[in-house]
Number of protein chains: 2
Amino acid sequence: MSPPATPRYRQLADALIRDIEAGKYAVGALLPTEFELSDRYGVSRHTVREAFRRLADMGLISRRQGIGTRVQAKSAEHRYLASLSTLADLFQYTKRTRLKVLAEHEVKASALLATMLRCKRGQAWLQFDTCRYRIGTAQPISYTQIYVYPEYAAIGEHLAKRSVWVYGLVERYYGERIVEVQQEIGAVAIEPRIAAILGVKPRSAGLQVLRYYIGRGKRLLSVSMNIYPEKRFTISTSWKLEWERS
Amino acid sequence: MSPPATPRYRQLADALIRDIEAGKYAVGALLPTEFELSDRYGVSRHTVREAFRRLADMGLISRRQGIGTRVQAKSAEHRYLASLSTLADLFQYTKRTRLKVLAEHEVKASALLATMLRCKRGQAWLQFDTCRYRIGTAQPISYTQIYVYPEYAAIGEHLAKRSVWVYGLVERYYGERIVEVQQEIGAVAIEPRIAAILGVKPRSAGLQVLRYYIGRGKRLLSVSMNIYPEKRFTISTSWKLEWERS
DNA sequence: AAATTGCATTTGTACGTACATTCTTCCACG
DNA sequence: CGTGGAAGAATGTACGTACAAATGCAATTT
């Protein structure tokens with residue numbers, strides 16, 4: 001029996017991958033055109049496009065109408081992805097939690113705050129100090145400061161009433177879509193005021209998670225700053241290899 | 001002027017998405033065949049396939065030769081992805097760092113260690129205590145314990161000589177491919193012994209990062225435990241929305 | 001000199017056809 | 001009654017054609 005014949009577009013794709021990895025086509029350079037390759041390998045343009053599609057999926061090339069096909073990366077080897085099916089998965093506790101709003105006030109960004117919120121000094125923000133509990137327990141999981149634009153003041157109402165997530169409110173009530181979330185994780189000594197709220201020793205170790213919620217056109221929509229006490233919470237992420245060598 | 005006409009395959013894809021979200025085709029059910037849709041919408045099979053390809057990329061459907069096209073999910077809405085171009089990006093410091101091996105010994109997993117290493121008690125591991133410096137400075141960035149199987153003892157040589165990453169050595173010298181990395185981040189009070197190495201106050205706040213390196217077939221290849229002192233390091237991740245609603 | 005127009009190039013969309021491969025179903029044969 | 005094989009149905013691969021849309025460049029016009 002013949003070995004399970006590999007399709008032509010696959011063979012062509014593999015050949016191109018080899019060429020790119022061998023440096024025959026440098027990163028940033030243009031590959032031959034579809035017609036050119038179709039000619040050179042004696043296959044139809046359709047087959048070339050199918051091969052290109054594969055390379056594009058792997059992130060090896062990028063294509064632009066009127067320009068051509070450009071090499072984007074030398075290897076698709078080590079590309080690892082982590083995925084969230086919902087933004088709520090960023091917060092990995094179960095749904096059985098409740099948000100309590102401790103305070104709400106309008107603030108003008110001090111120098112320190114301006115750095116954290118990535119804005120100019122004096123920029124006005126609406127700040128919520130909140131606390132999250134597992135339902136049925138008195139001990140909080142986390143302390144959170146949430147910043148939104150003052151225009152979004154109405155969010156305060158909803159936030160107090162229903163224990164939801166801010167980004168959800170921003171999406172629902174202001175028609176903004178959260179396109180990107182930047183997350184910064186560090187360790188901090190929990191300052192006394194917050195330690196009291198969380199019921200831990202002042203200056204004990206805590207996880208600080210800063211999140212920037214970004215909408216269409218790089219517009220910063222909201223910022224949140226979470227503090228999790230030691231041992232009460234860990235963040236886990238799973239990175240998976242996207243493509244396996246054929 | 002006519003508005004920038006959306007291609008037919010896009011229109012068809014959108015129609016199908018609407019139908020799926022509306023529940024017209026249930027999750028798990030088969031969609032009409034390519035020919036059927038081609039007929040019904042008066043487009044070529046090629047166009048139907050193009051539309052299906054889009055849905056498949058979004059993870060809404062799965063296709064199997066001889067069977068048909070099955071609905072896999074009701075909505076592709078909130079799917080966010082983070083990507084690493086290399087595993088080295090997990091560690092976000094520049095390449096200008098140096099690894100110093102402080103100690104190397106074989107250990108048998110105690111109850112505590114067994115939990116951390118996800119293995120049975122008594123399992124033998126090779127443990128390296130290491131420390132990472134920015135080149136040219138005396139102050140370490142992080143303290144790291146690395147665990148590998150005793151069979152991989154030869155790694156110690158390379159680790160001491162060249163300042164590389166363990167997973168790279170495992171991949172290179174043992175022909176194992178790291179297919180997945182699970183990461184757990186928490187806050188800890190840095191214990192005195194390690195605090196001394198890092199040059200920080202005992203029991204001050206630190207970031208603890210546990211990483212499980214997993215090979216083909218869920219085989220655990222290596223585990224590392226990092227401690228980063230407060231303020232000296234933050235982990236940043238960017239999550240991007242994979243698909244935008246049209 | 002600057003702006004505009006038009007042409008050549010390249011990928012995108014869309015139609016058509018044919019056969020291969022994979023899987024299910026059902027009928028006939030042992 | 002079970003088993004094998006044929007027929008049918010679905011997606012996969014592969015060929016062909018044609019025109020549309022985006023881009024860059026050169027020629028032309030202002």
Open item on the list: Could you go through B:V170 and B:Y152, starting from their C-alpha distance and side-chain angles, then the distance that decides it, and tell me whether this counts as side chain to side chain contact (heavy atoms under 4.5 Å, CB included)?
Closed with: CA-CA 8 Å; B:V170 174; B:Y152 295 173; 4.1 Å; yes
Check the distance between [N]'s [atom2] and [X]'s [atom1] and give it to me in whole angstrom.
| X | N | atom1 | atom2 | answer |
| --- | --- | --- | --- | --- |
| B:E34 | D:dA10 | CD | C1' | 8 Å |
| B:F52 | D:dT11 | CZ | C1' | 10 Å |
| B:L37 | D:dA10 | CG | C1' | 13 Å |
| B:L12 | C:dA14 | CG | C1' | 13 Å |
| B:R63 | D:dA10 | CZ | P | 13 Å |
| B:R10 | D:dA20 | CZ | C1' | 17 Å |
| B:E50 | D:dG12 | CD | P | 13 Å |
| A:R49 | D:dC15 | CZ | P | 14 Å |

Can you name the residues that form a side-chain contact (heavy atoms from CB on, under 4.5 Å) with [X], not counting sequence neighbours?
| X | answer |
| --- | --- |
| B:A88 | B:T86, B:W165, B:Y167 |
| B:S142 | B:Y93, B:R132, B:T144, B:N226, B:Y228 |
| A:K240 | A:S238, B:E180 |

For the atom pair [atom1] ([X]) and [atom2] ([Y]), what is the distance rounded to the nearest 0.5 Å?
| X | Y | atom1 | atom2 | result |
| --- | --- | --- | --- | --- |
| B:R211 | B:I178 | CZ | CD1 | 11.5 Å |
| B:Y147 | B:Y213 | OH | OH | 14.0 Å |
| B:I235 | A:I235 | CD1 | CD1 | 8.0 Å |
| A:M116 | A:L113 | CE | CG | 5.5 Å |

TODO: Among C:dG16, C:dT13, D:dC15, find the nucleotide with the atom closest to the side chain of B:S44.
DONE: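 Ranking C:dG16, C:dT13, D:dC15 by closest atom to the B:S44 side chain puts C:dG16 first.
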Open item on the list: Can you tell me which nucleotide in D:dA14, C:dA14, C:dG12 comes closest to the side chain of A:R8?
Closed with: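 Nucleotide nearest to A:R8's side chain: D:dA14.
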Open item on the list: Closest-nucleotide mapping onto DNA chain C: is B:H46 or A:G68 further toward the 5' terminus? I mean the 5' end.
Closed with: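 Mapping each residue to its closest nucleotide by heavy atoms, the 5'-most match is A:G68.
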Open item on the list: By the salt bridge (Lys or Arg N to Asp or Glu O under 4.0 Å) test, which pairs, at least two apart or in different chains, include something from residues 63-76 of chain A?
Closed with: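 Found A:E34-A:R63.
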- [ ] Using only side-chain N and O atoms of A:T69, determine if any of them is under 4.0 Å from OP1 or OP2 of C:dT10.
- [x]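 The answer is no; no side-chain N or O of A:T69 sits under 4.0 Å from OP1 or OP2.
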Task: Terminal axis angle for the helix from C:dA1-D:dT30 to C:dG30-D:dC1, five pairs an end, nearest 10 degrees - done: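 Between the first-five-pair axis and the last-five-pair axis there is 10°.
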Grab the N/O contacts between the protein and nucleotides 17-23 of chain C below 3.5 Å, and write none if there aren't any.
from: C:dT21; atom 1: O2; to: B:Q65; atom 2: NE2; distance (Å): 2.6

